Structures are given as C-alpha cells and as structure tokens.
Amino acid sequence: MRSRLSSHAFICIGAWLVLMLVNNAIEPLMSYYLALVAMYATAMFGMVILVGLSGQVSLGNGAIMAVGAYVFALSYQHWNAVISMVLAGMAGVVFGLLLGIVGARLRGPYLAGLTLAFAVGIPAIANRFPSILGGEDGLKVPAPNTSIAEVIQAPTYDESSLDQFLTDPSSAGVAPDPTSTVQTFDTSPLDPGSFALEHWQASVAIAVACIVGFVALNLVRGRQGLAWRAVRDDPVAASVVGISPATTKVTAFVVSSLFAALAGGVFAQILSFVGPGAFGLKLSLALLVGVVLGGRTSLVGALIGAVIVVWLPELVGSLGNGWNDQVSNNVPNLVYGLLVVAVVVFAPSGITGLVTQLRSFRQR
Amino acid sequence: MNQFLDFSLGGIANGAVIALMALALVLVWRSSRVVNFAQVGQAMFTTFISLWIYEVSGSWLLALLIAICAGAILGLVVHLLVMKPVRRADASGAIIATFGVLIALQAAAGMIWGGDPKAFVPPVANSGLEFAGRIWPVSWYDLLIFAVTSVLVLALSYVFTRTSFGLAMRASALNPEVARISGVRVSRMLILGWAMAGSVGAIAGVLIAPSATLSPNSFDLLLVFAFTAAVIGGLDSLVGAVAFGVGTGLVLSLVTGYSDASNAPIVSLVLLVVILLMKPDGFFSQSKSRVV
Amino acid sequence: MLHIHNLTVSYGQVVALSEVSLEAPRGCVTAVIGANGAGKSTLMRAVAGLIIPKSGQVTFDGSDLVGVATDERVRRGLVLVPEGRSTIAEFTIEENLRLGGLWRSRFHQRESIAGVFDLFPALAKRHKMLASTLSGGERQQLAIGRALMAEPTCLLLDEPSLGLAPLIVQQILELAQQLAIEKNLAILLVEQNAVTALRVARTGIVLNLGEVVLHGPAQQIAANKDLRHAYLGY
Ligand SMILES: Nc1ncnc2c1ncn2[C@@H]1O[C@H](COP(=O)(O)OP(=O)(O)OP(=O)(O)O)[C@@H](O)[C@H]1O
Ligand SMILES: [Mg+2]
C-alpha cells in the first residue's frame, strides 16, 4: 500500500518537475497552451472517474467548472489565490454532492438529460445576479502581482479569441490570435522567453493538475476504483459484497466535481476573466469529447484527451485555411463530432484502448 | 387575471412545438431505448434545408414536405450509420454517440449556412388576432401550429393503438426478441421509428423557426425543454409527451411573462430535478412491469 | 419436416453444441432431453435463427435455412416458443395473440384467434386483460397460442413445463401430442421432465455437454437404464 502511494507520488512529482522545466524553456504562447492542457486534464481526470469508471454520462462538469471559476473570482477579490482555490474546491464538493444525490438515482439517459439541463441552466444564473456575478460582462480576475512574474500590466485577452474549441465555434477566432499574445509582450518589460504571465499561469495549472492527478491515481488504482467499476458493471452484485451503489455513485460525483471546480479556478486565472459565455454546454461537451477520444476509463486517456482538445483545433484549423472563415471555423467541431462517433463505434475504449490492443496484438 | 390568461394562451403554441419535439424523443426511445440528444440537431439541419426551399420556391407547404422527407432520411442515416453499430452493451456509448452527432450536425450547418441567425418568415400572419374587442396573444400562425400538432398527434396515436403496424412497433420496442419470434421484422421497425421521429422533429423545427431565429445552436434550449417534457411524461408515452410538452410551454411562458426569458432554463432545470427526485422514471412510465 | 445436420454452435470459445443431427417429422413429437446446460435451448435458438451456428445445416420443408432471418422462418411456419414465459406483459391477451400472426389477413387472424380460444378457454374469458395479470401456466398457454397464430407447420417448444404443477405439465405435453397429430405438425420438444416427455414423443435425442449421446425411439431411450443414471439422474 505504502509503496504504491510513494510510486504514485514519484510519478506526479516527476511529471511536475519535467513540465515545469518544459514550461520554462518554451515561448509564452506554448506556455499558454500548456496551461490549457493542464486545466483540461484536471477536469478530465474527474470525467474519467464519473463517466468511465462509474458509468454515469454527465454533462454537468462544465457547469461545475463555472461554479469553481466564479467562486475563485469572488474570493480572489478579498483573499489570495490559495485560499480561493480551496474555496472553489469546497464549492465543487457541495455542488457535486447535490448533483450526485439527484443524479445517482437516475438511469443513463435520464442522468444525461438532467445534467444537460444543468449545463444550460447554471450559466444562466450568472445573469440573475448581475450585481454580484457581473452578468454577461462577468468578473475580472486580476493577474497576480508576484515578485516572480513582475508583470506590470496584466494582459487582457479579447474574450472571443479565447473561446477555444467548442466554447464558441461561431466566433471569429478558433484559437487565440498569436499576434495578440505578441502584443502583450510588447507591453511587458520582460524579454520573450523569460518568465511571463503565461508561464506563471501554466505553473499554477501544472501544479494543480499534478496534485489532482496524484489523488486521482490513488483513488482509481485503489479500493475506490474497484468499487466504482463494480457498481458500474453490476450494482446488484456489488451491493451483495457490501458496496453501496448509491454511496459509490455519489462519491464519483463529488470527486469529479471537486476536480472540475479546481479546473474552473485554474481556468479563471488563465482567462483573467470569468463570464457565462465560457462555461456553456460546449465546455461540458468538450470534456466529454476529450475523455471519449482519449479513452473513457483511463487517466492517461484523460491526458491524451486534454492534449487533443487543445491541439486538434490548431491542427485541423490549418486544414480549413484555404476556405473562408465560415467553413474553417467549423472544421474542428465537425472533426470532433465525427471522431466521437467513430471512436464509440469502432474503438469504445479510445486511443489508450487502441494502443493496448495493438500491444497485445504484437505480443502474440 | 387578464395578464395570466394572455401569458397562458401565448405559451400554448410554444408548448405545442415542445410537445412535438418531445414526441420525437419518445418515438426514438420507444423503438430503440435510446434518448436521441441529436434530435434537435437533426431538426435544425432539416429546418435550414426547408428554409432554403421556402426561399427558392416561395411555397411553405413544399418546404414543410421537404423537411418531413429530409427528417426521415436524416433519422434513418443516423440510425443506420451511428446508432445501430454501437454495441448494445455500451449504454454510455450510445448516449455519447448522440452528442457526437449533435456536435457534427451543428458544425456542418455552420459550414453550409453560417453562424448568423436567419429569419424564417411565417406563411401566415404571426401577430395577435383581434377578437371580441381586444387583441389576443394568439395569431393565425399559432392556430396553424395547433392544427398541425393536433393532426399529427391524433394520427400517431391512431397508428400506434389501432393498427397492426403500431402493434408490431410497440412489440419491437418492449421486447425485440419476442417480436422477432412472432414474425415481426424488428430491424425494419427500428428504422421506421427513427425515420418517423426524424420527420416529427423536422416538423417541430419548421414550426418553431418563425418564433425564434434559425442558427446552428438555436434549438439547444428546445432540447432541454423537450427532454424535460418527455421525461416527465415517462419517455414511453405519446400522451404524456404531448400533455407535458404543452404544460412545459405554459409554465415557461408564465415564467417569461412574469419575470424574464433567461429564467426559463433555470425553471426547466428545477422542474426536472423535482420530478426526477419524486419519480426517477417519470410519471407515465410502465417500466416497473417490464421485467416479467 | 425439419432436418438438422451436424449443427455446431459456440459462444466465443465455448462450444455449446457440436455436430448435432436430428430429424423432426410431421405428425409427431420429437423430444430433446438433457441436463441443465446440455445445450437444449441453444439448439432451439439456432434452429429458430436467433443464434447463427458456426457450421452445419438446418433444412425446413426441403429448403436450406442458412441466412434466413428469424422473422422469415416464422412466416414460413417454423415457430419457437422460447424458454420462460415470453409474453409481452404490457399487451392485452388479445394483442399478444394478434402479434403472432400480424402478416396474415384479418380474416385468417380472426379464425386463428377463435381456434386458440377453443383450445385455451381460460384465455378467452380474459382477452381484454393485460398479460401481466395471468398466472404462469396461463402465460405459457398464451405463448403457445401466439405461436399457433402463425399457423405453423413446425413448432419448437423449449421447456413448456418450466415451473408448472405436475398436472399442468401433463396437460401441456398431451396438448403437444394432440397438436402434432390433429394439425399434422412437426413438434420439437425440449424437456427436463424426461419421463413425461418420452411418453408423448415418438423419437428423441439425449444431449450431454452439447453432444448427442443417444438417438432413437422414445421407448428405447426411456428403457435405457444406464443412460438414465448417467445423464438424466433418476
Ligand atoms: N448467451 C450465452 N453466452 C455464453 N454462453 C452461453 C450463452 N447461453 C448459453 N451458454 C452456455 O451454453 C451452454 C448451453 O446452454 P443452454 O442454455 O443451451 O442449456 P440448456 O440445455 O437449455 O439448459 P437448461 O436446461 O438449464 O435450460 C451452457 O454451458 C451455457 O453456459
Ligand atoms: Mg434451456
């Protein structure tokens, strides 16, 4: 038991060290992508647990990310980032518990529909309380005034250009416009390649992803992971051997919501802004797409999914370059939709599943 | 009181469209035990086609007919290419696949027709009728919606309860194996179920388009409302879907009237949570007796 | 006339039936007996077309059934009454019956329903009630009635007596014999209840772990003491 714990710690600390080294060596724009990948991975670890291991297809995690982001933004107006992250996580646990208590009673399609309504309904709440939550304009999250970053002027992004992947396909930019990033560096006193705001954001995202990854590894490979699978495959048999299906399912909701809320807090820092537009149904769908493509039941799959979700729009976006915006903006989503269908039909366990199959095929 | 009446009347037309979309969800559920979350995507797509035909030909009826055909074909394609190959044991996969189809359809529509909202001009006046000395919140177009919806619902319930085809359809949904050993061509019934659902959804799309604008994402909320209605109705019941579809329309119209339109999704969510907490299988559900 | 020739069926790696051959002529009952897991249901389901066999042939009235779907087999007159009471609980008794012959003309359907009601008066009285209100034995009658609605020439009965009282078992098996003779049906009857089954059957086979261990006239099987001890356990 202890050796497993320490080996997991070893993996996560190793990953953290490597990623931090990488982060220091790359351009700010790459660092920004790295931050996004780490943020998506954090949320997708939770999706693996909820959708893959416990078999509950939920679209609510995007909304939970919104909860985390808003709590972070509100708290950050008064306290520091660490306290704000803790509060965001606590809010995630509370919402996860509520959603789980309702959701764990439901069979597949009912749950998917309920969480769909949740994903559509929760962002609308931001508009209900404009005085606190800022309505459509959202809340600003000022960049940290740290001695490391020494960023004098916080770069603010054009909101629409940040609507990465699925968050808004109809908006003009599919990916953040690199020129805007370059501009921020014109206003920054630091040389490109030194520690810019993007580097700082990425290091926060990486730290959170590594901690969450450590927790997830221990849960998934431990007794709890077994319980989740058992309840997913046969709730009756599981209850006979003393695993309570209801508690186990609710636990999956709570854990994945905790992760989602933390990811939301990170997202707020990356965006320097929290608004209802960034957390719509599309974000929830993005999380689902990511884990399905990567491999529904595997944490490594979540990592791959996070990379795909951030990187694929870039890749296929360039495919549509010859065409007008109307076409090229929609290429990534079309590819996602078709890929999801293809994966579900031909390779239900995603890319990681394919790799495992290929390996066992070679060995034979 | 007058205001209440106005809001209620105004909600019925929207409710009728929600009912139609809920009906489409129920048709698919009955034939293959899948909630087709791509249904609104299919409807959005066929409504774009229909709008194009309408603009070219000027005939609303022709546009509606084309939408019905396109809806049937699209339903059939989704069933044959996507849902049928998904492994039966993979329940999560089936749900996820419908979302994949939704994403792909919305992207495809965005590619072809662009993301900007388009107006769909109603074939008859969509302004309040004047009657008995006041203007009512019901237009000729609303009456057209009622008419189409009622005819459709009556026809469908006749087919399902009175004809051999309906019996075969219900048997295939309730117990495919028993249906098969009774000589029913179950796979054909599945195809027909998806095609019919596609057509019904397409009609709903064409009917609601003039009351809103048409864009790749404009039916997302309709999906939530229709799902709410279908679930409250138990997912299995045509009557339930229609009754609660109209009911959902009414409630939403009252909410919108007395407060603000942006509250509608929140109310829908609350409604859904309350109902599902009380009855995790919906009101009209028969699934208790299913295991026999 | 049903001919089964060297039929082999496997579920993944597990071979459930290997090279089973059998004939079921019209006008009599042919019994298939064997212990739990012997492969009896597998045989019936493969003949009905619900499982695709790995190899071997099923011929029905002279035509090979390979690639013929279950529903088409039913329409040709080869009808299965599966194990367990396979009625649709949400349907009324009349709807359950109608389901069995939907492709036939209204006139023929009505005629067949009258015939079934003659055979099972208990069903006639309650034809508007839901099948879920019936007792186990009545539901078995309904399942057989539904099969008869197809106007079959060959009936596959998979353990029709499962869970029924001895007296009713007796009745149902005698009914099978009566149907075979009066309607000139070929009946393939699966039974745990070897003694009663062999009494109404003309010929039979004994299955063990997917293989035919004995094939012959019913009395001969009933008289074979060694076999009874080894495979049937009485
Ligand atoms: N769907 C299936 N998948 C895998 N194996 C199966 C399946 N159905 C049956 N088997 C196996 O095939 C063998 C034969 O099963 P079958 O149902 O034909 O037995 P049976 O003779 O009808 O038994 P019983 O008298 O209990 O009904 C058994 O070992 C069983 O475990
Ligand atoms: Mg059996």
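Values in this document were obtained by computation on a predicted structure and should not be read as measured data. Letters A, B, ... are given to chains in the order of the sequence lines, protein chains preceding strands, and every chain is numbered from 1.
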What one should report as the nearest heavy-atom pair of B/Val178 and C/Leu99 is CG1-CD2, 4.5 Å
Does a side-chain heavy-atom distance below 4.5 Å link C/Phe91 with B/Leu167?
yes
Given that the side chain runs from C-beta out, which part of B/Ser172 has a heavy atom under 4.5 Å from chain C: side chain, backbone, both or neither?
neither
C/Arg73, part contacting chain B, at a heavy-atom distance under 4.5 Å:
neither
One option among C/Ala131, C/Ala143, C/Ser86, C/Ala150 has the most heavy-atom pairs under 4.5 Å with chain B, and it is C/Ser86
For chain B, which residues from residues 115-130 of chain C lie under 4.5 Å away (heavy-atom distances)?
none
Top residue by heavy-atom pair count (under 4.5 Å) with chain C, among B/Ser164, B/Ala171, B/Ala179, B/Ser182?
B/Ser182
Do any of residues 39-70 of chain C come closer than 4.5 Å to chain B, heavy atom to heavy atom, and if so which ones, in number order?
C/Arg45, C/Leu50, C/Thr70
With the threshold set at 4.0 Å, does a side-chain nitrogen-carboxylate oxygen contact exist between C/Glu90 and B/Arg170?
no
Test side chain to side chain contact (heavy atoms under 4.5 Å, CB included) applied to C/Arg146 and B/Ile181, step by step
CA-CA 10 Å; C/Arg146 183 189 61 218; B/Ile181 59 166; 3.8 Å; yes
Crowded around B/Tyr158 OH? As in, over 12 foreign heavy atoms under 6.0 Å?
no
Using a strict cut-off of less than 4.0 Å between a Lys/Arg side-chain nitrogen and an Asp/Glu carboxylate oxygen, indicate whether C/Asp71 and B/Arg185 qualify as a salt bridge.
yes
